[in-house]
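Since the structure comes first, as structure tokens, the remarks are kept for the end.
In listed order, ligands and their atoms are each counted from 1. Since we're looking at a predicted model, the values are computed, not measured.
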Amino acid sequence: MQTTSSTRLKLGVLGSGSGSNMQSILDAIAAGTLNAEVRLVLADVPDARILERARNHGVPGAWLDCAPFKTKLDGAAEQRCIQMLRDADVDTVVLAGFMRIVKPGLLAAFPNRVLNIHPALLPAFPGLQAWSQALAYGAKVAGCTVHFVDAGTDTGPIIIQRSVPVLEDDTPESLHARIQVEEHRAYPEALRLLSENRLTVTGRRVVIS
Ligand code: GRF
């Protein structure tokens, strides 16, 4: 069997909700298929389930108060976030259901090391509730995208995409659930490629070696 050398990723996770994607990353680490450790979890919602999951795994977690902003991570909160990630010796930032726009300050602090997962086949359906957008549009195929984050919203270079069919009787919930099954495979896979130094960003394109 061919073995690929890898660098152990030091992950900081930002989330707002359930944290099922972070769970899939923790599970891949535990299964030995991803060379990484989750060093810090930050949530902008004090009682977010993602913090409970972190606690259950003995991972340090904290509420990040992002006031006065409602939809972005900016200003003093951004600076505190960067400091906490640095103090935890994080080298890669994983957005996992983080419902805020990240701004250039965070991106500059972790250049080319901020990743996001989006529940659509970008560039189709950026923004909120992408699965509902796909359903309302009448798309026959939906899916998820793991990408590097740039200054735009859901516009960064694409690392991995996985598709799922849209079924005749789908509801927003059933379609999102099907997409999430693929998300939970795609995010650990993208991080594994990063840890194996197999991702090269050339302009808009991510070449996987
Ligand atoms: C996922 O569908 C992800 O694509 C989107 O937000 C959702 C987060 O789910 N960005 P979870 O918190 O990881 O369960």
Joint cluster assignment, Val38 & Phe110, ILVMFWY side-chain distance < 4.5 Å: no
Quick check: do [X] and [Y] have side-chain heavy atoms less than 4.5 Å from each other?
X: Val206; Y: Leu193; result: no
X: Glu183; Y: Pro119; result: yes
X: Leu64; Y: Met84; result: yes

Closest approach of Leu34 to Arg192 (non-hydrogen atoms, all atoms of both residues): CD1-N, 3.5 Å
For a quick check: using heavy atoms under 4.0 Å, what are the residues in contact with ligand 1, sorted by chain and number? Ser18, Gly19, Ser20, Asn21, Gly97, Ile117, His118, Pro119, His176, Gln180, Glu183
Got a sec, which residues hit side-chain hydrogen bond (donor to acceptor under 3.5 Å, both in side chains) with Asp27, two or more places apart in sequence or on another chain? Gln23
